[in-house]
Every structure is written in C-alpha cells, then in structure tokens.
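Step one of this worksheet: look at the structure below.
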Amino acid sequence: MGQFKGLYALCDYQTLEKKNISLSTFLDLLKTHKTYFIQYRDKSNPLDIQKQNIRFLQQNCDVPIIINDHYELLEIADGLHLGQEDCLELQHLHGFDNFKQTVQNIRKEFPKKILGLSTHNVQEIDITNGLDIDYIGLGAYRATNTKDISQILGDEIITIAQHSKHPVGAIGGVRLEDRIQNIAYNVIGSALYDD
C-alpha cells in the first residue's frame with residue numbers, strides 16, 4: 001500500500017498540443033524519472049488517432065500505457081483508469097447493476113489489464129477495497145490550476161490512504177519531489193513541463 005514506487009505520468013494530449021509539446025518530447029521528459037505508469041487522456045481526437053498515439057507511446061517506452069475513460073481502447077492499451085462518473089456511465093451503457101459488476105465484467109473480458117479507479121474519500125475507498133483492481137487514485141491533494149476542485153484533502157490524504165488495500169496514487173497538485181506517507185505513486189500532469 002504505502003511504499004513509494006514512482007511517477008504516474010498523465011499524458012493529456014490537448015494540454016500537450018496547447019504547450020506545443022510532442023509525444024516524443026513528453027517521453028523525453030520522463031527519462032530522468034522513475035515512471036511506473038503513463039495515463040493517456042484524449043478528449044478530442046477520433047479513436048483511430050488515439051490508437052496511433054497509444055501505439056507510439058508503447059513502441060517508444062517500456063512503461064504500461066493506461067487509457068483514461070475510453071473502455072473501447074482497452075483492447076490495445078495496457079490498462080484502464082475510470083473516474084467515479086465514468087464507472088457510472090459504463091454501468092448505464094452496459095446495463096451493469098453496480099461498480100462491482102462493472103469491474104467484474106471488465107476483468108472477465110480483459111483479465112490481464114491494469115485497472116484503476118478514482119476515489120475522494122474513505123467511503124469510496126471502502127467500495128474499491130472489495131473490487132478486483134490494481135490501484136486507486138486519491139485526491140485532490142492540493143489545489144491545481146488545471147481543474148476546479150471542490151475538496152482539497154491536504155495532509156488528510158495520509159490517513160485516508162491507510163484505508164486502501166490497493167496501492168494509492170496521490171492526485172491533484174502533486175509535485176515530483178513529494179513523498180507522502182501511504183502513497184505509492186505521485187500522479188502528475190502539467191507539473192512535469194510547467195516552469
């Protein structure tokens with residue numbers, strides 16, 4: 001649960017485009033860090049472009065590529081990360097009754113893929129403890145200028161993370177140098193390339 005493993009890098013394609021950073025440059029930025037996962041997020045490109053980008057990342061690094069939200073890309077990605085809302089959307093889309101059934105069905109279809117879920121509090125962690133997943137994201141740790149966050153956990157994240165039986169990634173305002181007790185991954189996006 002608590003031993004620090006390394007960086008969980010967020011590769012948000014639209015943010016990279018805005019900052020004129022190529023996928024190749026993004027990967028270069030990671031070379032000086034112990035990177036455990038890369039999460040690829042893309043809210044605007046068609047699926048065929050997203051597939052090309054995922055394949056590019058896979059061919060040019062030896063880090064598992066986790067897809068954000070897009071269940072339909074799980075076939076080519078190494079794993080899937082779902083937020084609470086995404087899990088609800090999958091439930092409705094596929095007629096699943098609850099989170100547990102959603103996760104069970106993903107596991108049945110893709111038994112070897114990495115699966116992670118976002119959490120924000122002890123109640124959500126208690127639910128994830130009963131699920132066959134590989135890690136959770138927990139946050140927000142600090143305020144961030146990239147997302148409007150209603151609840152900041154601050155140092156309370158240490159106590160909340162203790163409740164998880166899965167490795168925990170700290171999300172939101174996390175810095176590369178942070179070493180937070182009970183946290184396995186620093187989940188970092190724009191802080192990787194912001195001055």
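If you read the sequence from its start, that first residue is 1, and numbering goes on from there. The analysis underlying the following values was restricted to heavy atoms, covering all of them including side chains, and did not include hydrogens, waters or symmetry mates. Just so we're clear, the structure is a prediction, and the values are computed from it rather than from any experiment.
- The shortest non-hydrogen separation linking T128 to H166 is O-NE2, 3.0 Å.
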Practice prompt. Please report the C-alpha distance between K43 and D69 in whole Å, then the side-chain angles of each, then the deciding distance to 0.1 Å, and finally whether the salt bridge (Lys or Arg N to Asp or Glu O under 4.0 Å) criterion is met.
Written response: CA-CA 9 Å; K43 303 289 186 189; D69 303 344; 2.5 Å; yes

Practice prompt. Any chance you could lay out the salt bridge (Lys or Arg N to Asp or Glu O under 4.0 Å) test for D12 and K19, step after step, and finish with the verdict?
Written response: CA-CA 11 Å; D12 184 289; K19 295 184 175 287; over 6 Å; no

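- When all heavy atoms of R41 and L10 are compared, the closest pair comes out as NH2-CD1, 3.8 Å.
- Proximity of the aromatic rings of Y36 and Y8 is defined here by a centroid distance below 6.0 angstrom, and this criterion is not met.
- For H81 and S118, the side-chain atoms include at least one donor-acceptor pair closer than 3.5 Å.
- Taking the six-membered ring for Trp and the full ring otherwise, the centers of F37 and Y135 sit less than 6.0 Å from each other.
- Here the shortest heavy-atom pairing between P64 and I114 reads CB-CD1, 3.7 Å.
- Checking V168, N182, T119, V122 one by one against I160, the side-chain contact (heavy atoms from CB on, under 4.5 Å) holds for a single residue, V122.
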Fill in: CA sep, side-chain torsions, deciding dist, call: I180, D155, side-chain contact (heavy atoms from CB on, under 4.5 Å)
CA-CA 8 Å; I180 309 161; D155 288 339; over 6 Å; no

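- The shortest non-hydrogen separation linking G137 to I171 is CA-CD1, 3.5 Å.
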Fill in: Chi angles and distances behind the side chain to side chain donor-acceptor pair (under 3.5 Å) call for N53, Y40
CA-CA 9 Å; N53 290 340; Y40 179 76; 2.8 Å; yes

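- No single ILVMFWY cluster, assembled from side-chain heavy atoms under 4.5 Å apart, contains both I65 and Y185.
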Worksheet item: How far apart are the C-alpha atoms of Q50 and L73, what are their side-chain angles, what is the distance that settles it, and do they pass the side-chain contact (heavy atoms from CB on, under 4.5 Å) test?
Response: CA-CA 8 Å; Q50 292 186 48; L73 293 172; 3.3 Å; yes

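- E109 and Y71 share a side-chain donor-acceptor pair at under 3.5 Å.
- Within a 6.0 Å sphere centred on CD of E17, other residues, nucleotides and ligands contribute more than 12 heavy atoms.
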Item to complete: Would you sort out whether R142 and D178 count as a salt bridge (Lys or Arg N to Asp or Glu O under 4.0 Å), showing the intermediate values?
Response: CA-CA 11 Å; R142 290 188 187 99; D178 285 334; 2.7 Å; yes

Item to complete: Apply side-chain contact (heavy atoms from CB on, under 4.5 Å) to R107 and L115, showing your working.
Response: CA-CA 8 Å; R107 274 287 181 233; L115 186 56; 3.9 Å; yes

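- Counting only N and O atoms by type, the side chains of N68 and Q39 include a donor and acceptor under 3.5 Å apart.
- At a cut-off of 3.5 Å, with distance as the only test, a side-chain donor of D42 or Q14 sits close to an acceptor on the other residue.
- To the nearest 0.5 Å, atom CZ of residue F26 and atom CG of residue L16 are 6.5 Å apart.
- The environment of D48 atom CG is dense: over 12 non-hydrogen atoms of other residues, nucleotides or ligands sit within 6.0 angstrom.
- Between atom CG of residue D28 and atom OG of residue S22 there is a gap of 7.5 Å, rounded to the nearest 0.5 Å.
- The NZ atom of K34 lies 12.0 Å from the CG atom of N186; values are rounded to the nearest 0.5 Å.
- The minimum heavy-atom distance between A9 and L192, with the atom names listed, is CB-CD1, 3.9 Å.
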Item to complete: Report the C-alpha distance between Q58 and R55 in whole Å, list the side-chain angles of each, state the deciding distance to 0.1 Å, and finish with yes or no for side-chain contact (heavy atoms from CB on, under 4.5 Å).
Response: CA-CA 5 Å; Q58 289 170 325; R55 286 191 178 107; 4.1 Å; yes

